[in-house]
Amino acid sequence: MTTTQNEPGRESAARPGPLLRVREAVKDYPGTRALDHMDFSLEAGEVHALLGENGAGKSTLIKALAGAIALTSGTVEIDGSKVEVRNPQQAQALGISVVHQHGNLVPELSVTENVLMVEGLGRRIGVLVDWRSAHRRTRALLDRVGLPDLDPHREVSSLGAHEQAMVAVAKALASNARVIILDEPTTSLQPAEVDTLFSQMRRLAEEGIGFVFVTHRLNEVFKVCDRITVMRDGGLVGTWQAAELDHDSLVDQLVGAEKAIAHEAFTATAPPREVVLEARGLRGDVLRGVDLQARAGEVVGIASLPGEGAGEVVESLYGMRRVHGEVLVEGTPRRIRNPQQAVAAGMALVPRDRLAQGLVSDLSIRENATLASTKSYRTDPVLRLMRRGRERSEVAEVMAQLSLKSGGLEKEVRTLSGGNAQKVVIGRWLLRRAKVYLLDSPTAAVDVHTKGEIYGLARSLADNGAAVVFTSTELEEFVRVCDRVLVLHDGAVVGELAGDDITVNSIMRLSFGRKSV
Amino acid sequence: MDSDDESSSNGNSGDNSSNGDSGQAAGPVEDLSIGFVAVNLNSPSINGIKDQFVEAAEEKGWTVEVFDGQGDQAATNNAASDFISRGVDVIVNNSSPNAQMTGVMKEADAADIPFVSIYGGFVEGVDAEIGTNEFINSSLMTAEMANRLEGKGRVVKLNWTVLQALRDRDAGFDAVMSENPDIEVVREIEVKVPGQVEDSYDQLTNLLQSDKNIDAIWLGWDELAPSAVRAIEEAGLEDKVFAVGFDGNSFAWDLIREGSPYKMEPANPFPLMGAKAIETIETIVGGGTLPSKVVYMKPCLVNEQTVPAEGEEPDWENCAFFPGEV
Amino acid sequence: MAESPQATGPRRETSTSDKLIDVVSRYGTIASLVACVAIFSLLKPDVFATSQNFFNILNQVSILGIIALGLTVALVQGLFDLSLAGMATLGGYLACKWLAEGTFGSPAVAVLVVLALALVIGAFNGVVVAYGGVSAFIVTLAVGSILTGVVLGVSDSQTILSGIPDGFLIMGQGEIGPIPMPVVFLLIVAVVLYVFLEQTQLGRHMYAIGGNAETARLSGIPVKRYALLALGISAACAALGGMIVAANLGVGRPQGVGDTYLLDSFAAAFIGASTLRPGRFHILGTVIGVLLIGVINNGLSIMGVETFWQYAVRGIILLLAVFAASFLVMRRR
Amino acid sequence: MAESPQATGPRRETSTSDKLIDVVSRYGTIASLVACVAIFSLLKPDVFATSQNFFNILNQVSILGIIALGLTVALVQGLFDLSLAGMATLGGYLACKWLAEGTFGSPAVAVLVVLALALVIGAFNGVVVAYGGVSAFIVTLAVGSILTGVVLGVSDSQTILSGIPDGFLIMGQGEIGPIPMPVVFLLIVAVVLYVFLEQTQLGRHMYAIGGNAETARLSGIPVKRYALLALGISAACAALGGMIVAANLGVGRPQGVGDTYLLDSFAAAFIGASTLRPGRFHILGTVIGVLLIGVINNGLSIMGVETFWQYAVRGIILLLAVFAASFLVMRRR
Ligand SMILES: Nc1ncnc2c1ncn2[C@@H]1O[C@H](COP(=O)(O)OP(=O)(O)OP(=O)(O)O)[C@@H](O)[C@H]1O
Ligand SMILES: Nc1ncnc2c1ncn2[C@@H]1O[C@H](COP(=O)(O)OP(=O)(O)OP(=O)(O)O)[C@@H](O)[C@H]1O
Ligand SMILES: [Mg+2]
Ligand SMILES: [Mg+2]
């Protein structure tokens with residue numbers, strides 16, 4: 001393992017050591033070593049990217065720093081002196097504030113209560129909550145993360161995913177932290193929101209706060225980070241100044257030279273064939289008459305700003321929303337009022353929210369994988385006994401094809417890292433042999449290597465005769481995988497792009513409602 | 001009897017002449033092993049019977065194994081079957097309705113083991129049943145209530161007719177009321193069980209609020225007495241309305257002694273039943289004959305004059321039952 | 001295990017029909033309550049719709065109310081408290097026993113000692129739940145069984161009727177102006193717990209824990225201690241309810257006191273959870289639930305409806321009331 | 001509204017002790033069961049540790065077992081079924097009534113009709129829960145109240161004592177070889193439900209729905225229908241249990257039959273959920289839970305322990321048993 005240790009550039013104040021340092025961190029889970037003698041350090045005033053493949057151990061390291069889990073062995077230092085971080089309270093006392101990958105907010109509570117959960121709401125006359133000042137403080141914080149118009153009384157469950165992500169950031173900013181750790185905060189953010197976040201990070205870094213920033217989007221790394229640490233298999237690969245690396249060399253470090261893949265294109269090589277999916281005049285709460293066709297062999301992208309139609313099209317096609325309009329699969333009109341009918345019509349959904357909509361975390365990989373195709377493993381329609389042997393072998397086959405990394409197919413899905421969990425969801429529909437694949441941000445929180453695999457998968461699904469509908473919050477992905485992109489604005493299709501016309505700029509312009517490309 | 005005891009006594013045995021006389025004893029019996037099952041020893045009266053029985057049996061040098069079904073009749077029956085197959089000398093049923101133990105009786109009969117019950121209600125197959133005649137008790141008590149009303153007035157009845165003993169009391173009530181056309185039964189309230197204490201209080205409160213012209217309240221059992229008294233007092237009717245009931249719980253005697261609107265009840269001699277059962281068993285096992293398979297015990301009338309001092313019991317042997325005896 | 005269904009999933013913009021649905025679902029149980037009152041008033045105007053009966057209903061629901069409000073605090077954190085039946089029985093019995101035997105001369109002291117004991121027992125429940133990791137359902141069931149046994153043992157199954165001082169009975173039988181004391185206690189408990197849950201940091205943390213315990217923990221809230229607090233409050237309210245029952249009837253019963261209220265208090269809290277703020281347990285909702293149950297019981301009893309009909313009709317009304325509220329919420333999801 | 005048994009806290013563990021912890025937590029309740037058997041056998045070897053008492057215990061737990069196993073199916077989907085008390089009472093009563101009155105000549109037909117009726121009532125519960133969106137807790141509470149009223153009304157509070165044919169009584173009093181009939185029914189129900197939940201498509205779907213209903217729905221499973229199925233099975237088992245009680249006693253009681261088993265069946269299922277597969281309700285676990293409760297009850301009764309001690313000791317043993325299992329699981333998380 002070659003490690004290039006670089007001295008931190010700025011803010012070399014008279015301190016005995018770096019702001020935060022982890023030495024020889026080890027974390028064992030039953031059957032897995034999630035952290036393996038990991039070293040990491042953070043300077044005041046820097047934005048430090050923590051990168052690695054899915055399952056590399058990034059979140060584990062962060063959870064240990066947050067006091068959410070205890071390290072099996074290893075030490076944590078603040079300003080050069082050893083500290084104990086046995087629980088979240090201690091982490092907070094040490095000035096460490098974290099936006100975790102999942103579960104930062106309590107959806108039932110108001111924005112204010114979430115944002116001030118760590119800090120406290122503040123009191124008046126003894127014990128009573130001083131709501132007025134709490135809302136005022138919250139509004140100020142929301143202002144800083146670019147949500148000046150968000151009503152702090154609103155319940156978090158009523159917010160969109162992107163708003164929730166920014167509220168989580170506001171929550172982290174609320175404390176007077178010296179270290180702010182952001183575990184994949186940009187997964188559900190739009191480009192403009194990402195920019196807002198970055199400008200806040202830079203502003204706070206200038207005030208001396210140290211940031212640890214986890215992402216799978218490498219362009220973000222070069223936009224905002226000073227230093228980069230790469231992890232693999234729970235251990236350290238190396239730490240570099242951002243300027244020392246470019247995109248390709250970073251990818252090499254991330255996935256290991258032997259696995260590195262080129263800027264392969266995943267667009268079609270053969271012309272599309274017959275129409276598999278057709279929707280006519282979809283109309284609903286958001287959609288205002290959307291038509292759509294997807295042919296065998298093509299990947300059709302659907303892009304829009306959040307809430308302006310892309311997500312709604314997917315949900316409507318899958319029966320999750322009541323809409324008017326006609327849906328035909330392989331030329332036959334299908335009545336799709338619920339997901340069950342959608343599945344029966346040959347559709348498959350890879351949902352955006354993997355944990356809440358895609359997986360049953362307490363069930364095994366096998367049981368999750370065959371959830372949509374139990375019918376094909378049962379002995380007969382009366383007794384409905386499950387043929388486990390066949391189930392096991394077919395799941396094993398598909399998961400091998402997807403190169404799933406797991407401790408065994410009988411392991412509970414909850415032990416999988418993000419990308420591997422996503423493969424289980426995709427595997428579910430491969431086992432079902434669906435005709436129409438609705439991939440709703442399938443690469444969210446997926447590492448760069450697996451992303452490539454998923455693009456390849458989308459392509460091979462199309463090549464094998466399926467229609468693939470694709471959405472993403474990363475516009476470059478449309479460019480890489482889609483043969484055609486429909487751009488929606490305010491619930492209507494405002495443009496269709498194909499081939500070389502698909503560019504980040506053209507999608508962006510159209511989605512803001514500018515008709516001409 | 002507390003309402004949740006599955007006790008019942010049966011009025012149609014046709015023979016209620018025996019009164020403390022358990023026939024010809026046939027000499028002392030030693031070394032008996034007794035399987036004693038109770039459906040629920042939570043109830044003070046059932047527990048009292050058990051205590052007396054065990055005490056008296058141990059004095060004789062018998063061994064008693066007690067099983068408490070804690071409200072589960074099926075478990076109680078199983079325990080009895082178990083005793084039978086283990087070969088005890090006698091099965092004693094404390095307060096479970098015998099009608100629900102006919103399976104056990106058959107097994108006992110096949111194994112030639114006597115089946116004696118206390119407060120189980122007579123059914124075919126019982127070798128001896130010790131209890132009280134609730135139809136008679138109720139007829140007397142209801143008649144006494146009618147006398148107090150001088151044959152005229154408005155009455156409310158609260159009961160829970162699921163239990164046989166309480167049904168017998170109901171029948172006594174109906175019998176006497178049909179003889180008293182000038183007494184109007186304003187409302188017959190079926191109490192909700194469990195929750196009987198609260199329910200009787202709420203129901204009476206609601207009733208007395210709309211209808212102050214009530215003269216007497218008839219309670220199926222005296223667990224309801226404190227709530228009835230409270231409802232009467234709260235409606236400001238303590239000088240007008242009185243209540244009568246049954247059973248013989250000491251807190252009911254406290255109410256009678258204090259001069260509350262709860263005026264009288266027949267108190268069943270639960271403490272004597274254990275000893276009476278011992279006597280009866282001795283007769284049966286010793287080869288003697290019982291004058292009747294049903295041994296009815298005489299209750300004591302408890303009213304303002306006869307109520308025992310606090311912490312004491314009536315003189316079960318010599319107490320008065322008919323009001324005229326007081 | 002407990003995943004709140006509305007946490008994730010598709011969200012829609014609010015339309016006019018959504019707003020209407022929202023109103024209906026929020027006020028469904030309240031509408032049912034109003035409907036019940038109206039119907040009973042029409043059928044028995046001279047008896048039901050009197051101010052006396054108004055206080056009468058309040059009096060009759062006050063014990064259920066006090067117990068159900070305490071339970072609401074536990075349910076906010078997702079903790080089922082089944083020990084409240086045993087706790088209420090124990091509380092009422094012990095206060096009577098100690099006062100009748102002169103262990104404590106002053107009723108106020110006896111009441112406070114019982115409340116303190118209840119807090120300790122409830123906190124014990126909380127310790128086993130939070131630090132032992134056992135589900136509250138089974139812990140409180142077991143502790144309830146222990147309490148039932150203890151009170152039977154202590155009492156030798158004997159009911160206490162005499163020797164209970166008037167100073168204690170006043171808790172159940174006294175009045176302040178036209179308001180019966182049990183109602184006064186109900187009001188105090190309702191106001192205190194309302195302020196506690198809605199307006200204090202502790203209460204808001206309880207909602208945070210109930211919403212997502214892991215998020216609360218990661219936010220530095222000492223999650224475990226709150227189980228002690230919630231189950232302690234629930235136990236104290238149950239004991240208070242039990243003491244008021246004892247004071248109301250003037251008897252210290254060693255069994256069956258609390259069991260009467262066990263299922264009804266859950267019913268009230270669950271009705272409350274489909275009122276105003278669908279899916280959340282809250283004090284105002286529980287109050288509505290308690291009133292609904294009280295009005296149904298009182299109305300049916302006043303009309304002289306047969307007992308078996310009372311069971312059946314009560315079930316049907318409950319079903320309709322909650323259905324009215326939930327049906328539309330669900331459609332909206 | 002689901003019960004969340006997992007507590008949260010600092011997690012620390014070493015891979016060395018992992019396996020041990022795993023074993024202890026999985027087998028904690030089983031170890032408690034073995035310990036109880038050992039202790040009672042030592043204290044009363046001649047009575048407790050006999051093959052006859054073995055069947056006796058099985059016989060005693062069989063009704064609880066049948067009801068608790070049905071409930072387990074509902075709990076797998078996170079549905080609390082409180083109507084099972086009323087359902088058991090109704091089932092036992094109706095079978096007796098119809099047979100005594102000659103409505104059905106054949107006991108088998110009467111039993112099947114009652115089971116079908118129970119399925120329908122359970123499915124009704126399911127309809128209100130799934131399509132009405134009301135929490136199962138309150139629906140089944142309300143329906144239980146309705147059933148209680150109906151059976152009291154139908155029976156006029158009268159117990160059916162005579163006219164019940166032997167062909168029916170055999171269900172509760174007969175034997176196959178040395179095995180009492182109730183035990184035979186328990187075995188059948190346990191095996192059928194075990195295969196159903198573990199080995200069939202429907203069972204698989206139920207676990208998926210219980211784990212994450214939204215995921216199950218998006219995988220094309222008709223989620224709502226499963227509430228009908230689960231509550232139907234639960235109701236049918238309750239009715240079967242009630243009929244076996246009636247056959248065992250030889251009487252049709254209109255009141256209180258099912259209530260005896262309500263809380264114990266929840267206790268058994270929750271004990272089961274901390275056995276072998278911590279956090280999951282499953283048949284084998286419930287069987288262990290039922291046996292544990294049965295052994296405790298039988299042992300304490302055989303020893304002639306005073307009633308109040310039985311309550312208290314039972315509570316303590318339950319607490320210890322579940323604590324043994326859960327404490328370590330929690331530490332591992
Ligand atoms: N609770 C757990 N039990 C067992 N194994 C776990 C647990 N949590 C994480 N792991 C394992 O630890 C390893 C590191 O996981 P971690 O979540 O830290 O990865 P990550 O780098 O954050 O990945 P991603 O980019 O997908 O978020 C993975 O192999 C994962 O399967
Ligand atoms: N309008 C309809 N016409 C015909 N069949 C229908 C209709 N609506 C629903 N169904 C079918 O009836 C069954 C129950 O429908 P429902 O929408 O309630 O299912 P569900 O349990 O909600 O399933 P899902 O998980 O898909 O929402 C499904 O099999 C569905 O295909
Ligand atoms: Mg991660
Ligand atoms: Mg649906």
Side-chain angles (χ1 to χ4, degrees), chain C residues 1-3 5 8-9 75 78-80 82 128-139 141-153 213-214 217 223-224 227 263 266-267 270-271 273-274 306-316 318-319 322-323 326-327 329-331 333, chain D residues 1-9 78 82 128 131-135 137-139 141-154 157 212-214 263 266-267 270-271 273-274 279 306-319 322-323 325-331 333:
Chain C
M1 256 183 199
E3 252 167 279
T8 48
L75 287 174
L79 303 171
F80 280 65
L82 300 174
V128 182
V129 169
Y131 296 90
V134 189
S135 89
F137 195 96
I138 190 86
V139 172
L141 196 65
V143 169
S145 176
I146 296 173
L147 296 179
T148 303
V150 166
V151 67
L152 283 174
E214 181 64 5
R217 186 179 80 88
V223 166
K224 293 185 180 186
L263 286 185
F266 275 93
F270 272 84
I271 293 171
S274 44
E306 290 266 16
T307 299
F308 66 87
W309 272 112
Q310 291 194 26
Y311 282 111
V313 172
R314 203 175 83 139
I316 292 168
L318 279 186
L319 219 47
V322 191
F323 187 75
S326 303
F327 181 63
V329 182
M330 205 224 33
R331 303 225 93 188
R333 278 210 195 110
Chain D
M1 269 145 252
E3 166 80 333
S4 58
Q6 70 254 65
T8 46
L82 299 172
V128 183
Y131 296 89
V134 189
S135 90
F137 196 97
I138 190 86
V139 172
L141 197 64
V143 168
S145 177
I146 296 174
L147 296 179
T148 303
V150 166
V151 67
L152 282 175
V154 169
S157 307
N212 186 338
E214 181 67 1
L263 286 185
F266 275 94
F270 271 83
I271 293 171
S274 45
E306 286 275 5
T307 302
F308 69 88
W309 273 112
Q310 291 196 27
Y311 279 106
V313 172
R314 201 170 77 148
I316 292 168
I317 297 180
L318 277 187
L319 219 48
V322 191
F323 187 74
S326 302
F327 182 63
L328 296 162
V329 183
M330 201 221 39
R331 304 224 94 190
R333 282 224 191 92

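The sequence lines fix the lettering, A, B, ..., with proteins before strands; numbering per chain opens at 1.
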Evaluation steps, side-chain contact (heavy atoms from CB on, under 4.5 Å), between C/Val322 and D/Val139: CA-CA 8 Å; C/Val322 191; D/Val139 172; over 6 Å; no
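- Atoms CZ and CG, from D/Arg314 and C/Leu141 in turn, are 8.0 Å apart once rounded to the nearest 0.5 Å.
- Rounded to the nearest 0.5 angstrom, D/Phe308 CZ and C/Ile146 CD1 are separated by 14.0 Å.
- In terms of the ring pair (Phe, Tyr, Trp, His ring centres under 6.0 Å) criterion, residue partners of D/Phe137 (sequence neighbours excluded) are, by chain and number, C/Phe80, C/Phe266, C/Phe270, D/Phe80.
- Scanning both residues, C/Gly315 and D/Ser145, for their nearest heavy atoms gives N-OG, 3.9 Å.
- When each of C/Leu263, C/Val150, C/Val128 is checked for heavy-atom pairs under 4.5 Å with chain D, C/Leu263 comes out on top.
- In this structure, D/Thr307 OG1 and C/Leu152 CG are separated by 7.5 Å, a value rounded to the nearest 0.5 Å.
- Closest approach of D/Val134 and C/Phe323 over heavy atoms only: CG2-CA, 3.8 Å.
- Atom CD1 of D/Ile138 and atom OG of C/Ser274 lie 7.0 Å apart (nearest 0.5 Å).
- Contacts of C/Leu75 with chain D are absent, with no heavy-atom separation under 4.5 Å from either backbone or side chain.
- When the candidates C/Val313, C/Leu82, C/Leu318, C/Ile316 are compared by the number of heavy-atom contacts under 4.5 Å with chain D, C/Ile316 comes out ahead.
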